[in-house]
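Worth knowing before you read on, the calculation uses all heavy atoms, side chains too, and leaves out hydrogens, waters and symmetry mates. Just so you know, ligand 1 is whichever comes first in the structure, and atom 1 is the first atom listed for that ligand.
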Amino acid sequence: MSRNLTQKIMATHLKQGELVAGREIALVIDQTLTQDATGTLAALEFSALGLDRVRTEVSISYVDHNLLQSDFKNPDDHRFLRSFAARYGLWFSPPGNGICHQLHLLNFARPGATLLGSDSHTPHGGGLAMLAMGAGGLDVAAAMAGYPFHLSCPAVLGIRLTGQLSPWVGAKDVILELLRRLSVKGGVGKVLEYFGPGVATLSVSQRAAITNMGAELGATASIFPSDERARSFLAAQGREQAWQPLAADSGAGYDLLEEIDLSSLEPLAACPSSPDKVKPVRELAQAPVEQVIVGSCASSGYEELMTVALALKGRKIAPGVNLYINPGSRQALAQVAAAGGLMPMLEAGASLFQAGCLGCIGMSQAPATGTNSLRTFPRNFPGRSGTKGDQVYLAGPEVAAATALAGRIADPRELGPLPEIPPAPPVRPEALVPPLADGSAVQILGGPNIAPFPELGPLAEDLSATVVLKVEDNITTDHIMPAGSQILPLRSNIPAISQYVFQALDPDFAKKCQASAPAAVVGGENYGQGSSREHAALAPRYLGVAVKLAKSFARIHRANLFNFGIVPLTFVDPADYDRLLAGQRLEFSGLRAAILAGEELIHARVEGRELPLTLQASERERKMLAAGGLLNFIKGSL
Ligand code: MIC
Ligand code: SF4
């Protein structure tokens, strides 16, 4: 039987289940990654499992999200993570080394392997033919312990690429075109698999930028084949032995198909404040911009930074514009320096920052009130930049350079011929710390802000929950559990961070929950899209949220709800969403028994009437809910 690439990798890693779209499967995980903002919790969770060492081919703990050390909290977290890595046999990537996804592609990605990361942009690794998926920290902690990863078997959307990108049109325009066509919900339940003659025209860095932002479509993963370009990328990293050719079998089919003629694409940008509000740059070309940022996991490698350097060469950025360059890795920065790219940037007036996520997660670089900011980042959810009412546009490095020079959103094709990017110089300043052969004597270094993992009780027989908040469609995990410089330093402290849940939508949410727990939250479609942060499930659970009712849930957040014992229910009749109001009380009698009996239809009563709801869950997920979450469920079984 001929198989597409996704099916081939799933088949070689299948531990349980059948490869039928929509059914629960369990896949063996070869590699894991965590980053600091999700990694401290994942580390506490892994420690709670009582093992002596990680049980993967390779696990890496990266520090990239929070590099601001305004008090003891963040340096304590970094030190904790370093000692955790040494204790349990992980690689450690210290702050300043770069963004996890950029570093992982350069140093660890391996065609044909599976990668689970506690960050939603983990699919970046799909640029090198890995099945790379984002998940909550607890799922990643379980994978570090050798536990297979459970997910709903994805359908495969084949995307046939033909033609070749025109000058000044880049990888970001490919993925923005898909977002324009399919929306932020278009990839839910699917792997986006690229194939066709256009693939060979794209570099590995371009492929990874495309697979990275498959996360914005809600896709489980995105993947490119492994070919000669993948081989030379790995050879340049001194890792050619990791290469193998990999592609779909000839004649393999796809559940769904799209086709993109790369030659037909033009520069695109996503408008405020959703990655799928995509328009051609020429239609936006008069919008004034005061801030331009080049960086983030999607667009900050050698090629992207050199594109900007060469576009700026001999020119000056427009007066009143701040152009920030955030390199994706120390290596990319060193390569740009060696290739002569730094001087054109500095002479043009750009400011250079250290390698990391920085403004992408609201850790500095907030735009001024009422001004437009254009960024090469993957996300522009409202307020994520740190400024209330922000107006953030997303585009590729080509558009970013042209915009910084013009002081308004500008089409890079106005810049004349596209200069050729020289091959990447062979410099690789190494700052990765390898695992110790035996870490059993290493002491874990804590700190006053690193709180113990909260105890979660099992699900009660009956539940009576008050609707504390009702929200719209496409609510992101940034809405539920905001990040930014005030809140991110509290990621290791659930009691403290929980006070900020839903802060922008209802500043009293935490107080109301604690006063009326058990609590319920009502949401629309695609509830919980975006970031993988499990804090968006654990912190509400800590506050007493016991059940969430929505029209539909985004994949990672749904899994995180099960992991922390919050019951995710969907409406049988969407009109019930309109009828439900904050303050109403939902009565579920015999809830635990119904869940354990495998019942899909769950009955609640509200204001004296019946409210039929659906629980779509596997037997394992049901047991997890009853146990009060995954940690309780797997403890002892390893
Ligand atoms: C993001 O881009 O939203 C983040 C910050 O990288 C998150 C992870 C987090 O919240 O720590 C993600 O994408 O999963
Ligand atoms: Fe970091 Fe931004 Fe990428 Fe998230 S999207 S990993 S915050 S650079």
Side-chain angles (χ1 to χ4, degrees), residues 33-42 61-68 77 81 93 95 98-105 116-125 132-137 139-140 172 175 208-209 211-216 218-219 275 293-301 304 324 326-329 332 353-365 375-386 392 394 476-485 487-492 497 500 528-539 554-557 559-560:
L33 73 79
T34 51
Q35 37 88 341
D36 49 315
T38 55
T40 50
L41 212 51
S61 169
Y62 295 96
V63 175
D64 53 4
H65 276 60
N66 188 1
L67 307 178
L68 286 182
D77 276 356
L81 288 171
S93 174
I99 307 175
C100 54
H101 310 304
Q102 288 281 324
L103 291 170
H104 203 87
L105 192 78
L116 197 70
S118 61
D119 190 283
S120 62
H121 291 103
T122 304
H124 195 82
M133 296 165 285
D139 281 319
V140 178
K172 192 74 118 213
I175 192 68
T211 59
N212 176 300
M213 280 184 68
E216 270 50 68
I293 316 183
V294 176
S296 88
C297 52
S299 312
S300 56
E304 292 83 8
Y324 300 149
N326 303 343
S329 63
F353 285 71
Q354 67 171 320
C357 297
L358 308 171
C360 183
I361 188 59
M363 302 306 289
S364 76
Q365 305 180 326
R375 301 163 166 219
T376 65
F377 300 171
R379 301 196 158 134
N380 58 347
F381 299 147
R384 184 174 156 102
S385 69
V392 175
L394 306 175
T476 70
T477 43
D478 278 76
H479 289 104
I480 306 171
M481 187 73 264
S485 56
I487 308 175
L488 207 63
L490 303 174
R491 285 283 181 97
S492 318
I497 204 170
Y500 296 91
Q529 66 157 332
S531 154
S532 67
R533 60 190 74 153
E534 60 188 347
H535 301 72
L538 178 55
R555 174 185 68 90
I556 303 180
H557 187 59
N560 285 335

Go through Thr40 and Asp77 one step at a time and tell me if the side chain to side chain donor-acceptor pair (under 3.5 Å) criterion holds. CA-CA 7 Å; Thr40 50; Asp77 276 356; 4.7 Å; no
Would you say Met213 touches ligand 2, if touching means a heavy atom closer than 4.0 Å? no
Any side-chain heavy atom of Pro378 sitting closer than 4.5 Å to one from His124? no
Donor-acceptor under 3.5 Å (Thr211 side chain, Pro123 main chain): yes
Applying a heavy-atom cut-off of 4.0 Å, say which part of His65 lies close to ligand 2: side chain, backbone, both or neither. side chain
Taking 2.8 Å as the upper limit, name the protein N, O or S atoms near atom 3 (Fe) of ligand 2. Cys297 SG
Considering only heavy atoms of Arg384, which atoms of ligand 2 have at least one such atom less than 4.0 Å away? 2 (Fe), 5 (S), 7 (S)
Nearest heavy-atom pair of Ser385 and Val392: which atoms, and what distance? CB-CG2, 4.2 Å
Looking at every heavy atom in both Leu394 and Phe377, which two are closest together, and how far apart are they? CD2-O, 3.4 Å
Exactly which residues line ligand 1, taking a heavy atom under 4.0 Å from it as the test? Gln35, Ala37, Thr38, His65, Asp119, Ser120, His121, Ile361, Arg379, Arg384, Arg491, Ser531, Ser532, Arg533
Heavy-atom closest contact (Leu490 atom, Ile497 atom, distance): O-CB, 3.5 Å
Does any part of the side chain of Gln35, heavy atoms only, come nearer than 4.5 Å to the side chain of Cys357, both counted from C-beta? no
Check against side-chain contact (heavy atoms from CB on, under 4.5 Å), Arg533 and Asn560: CA-CA 8 Å; Arg533 60 190 74 153; Asn560 285 335; over 6 Å; no
Under 30°, 30 to 60°, or over 60°: which ring-plane class applies to Tyr62 and His104, parallel, tilted or perpendicular? perpendicular
Intermediate values then yes/no, side-chain contact (heavy atoms from CB on, under 4.5 Å), Ile175 and Glu216: CA-CA 9 Å; Ile175 192 68; Glu216 270 50 68; over 6 Å; no
Closest approach of Ser300 to Asn326 (non-hydrogen atoms, all atoms of both residues): CB-O, 3.7 Å
Checking heavy atoms under 4.0 Å, the part of Gln102 that sits near ligand 2 is neither
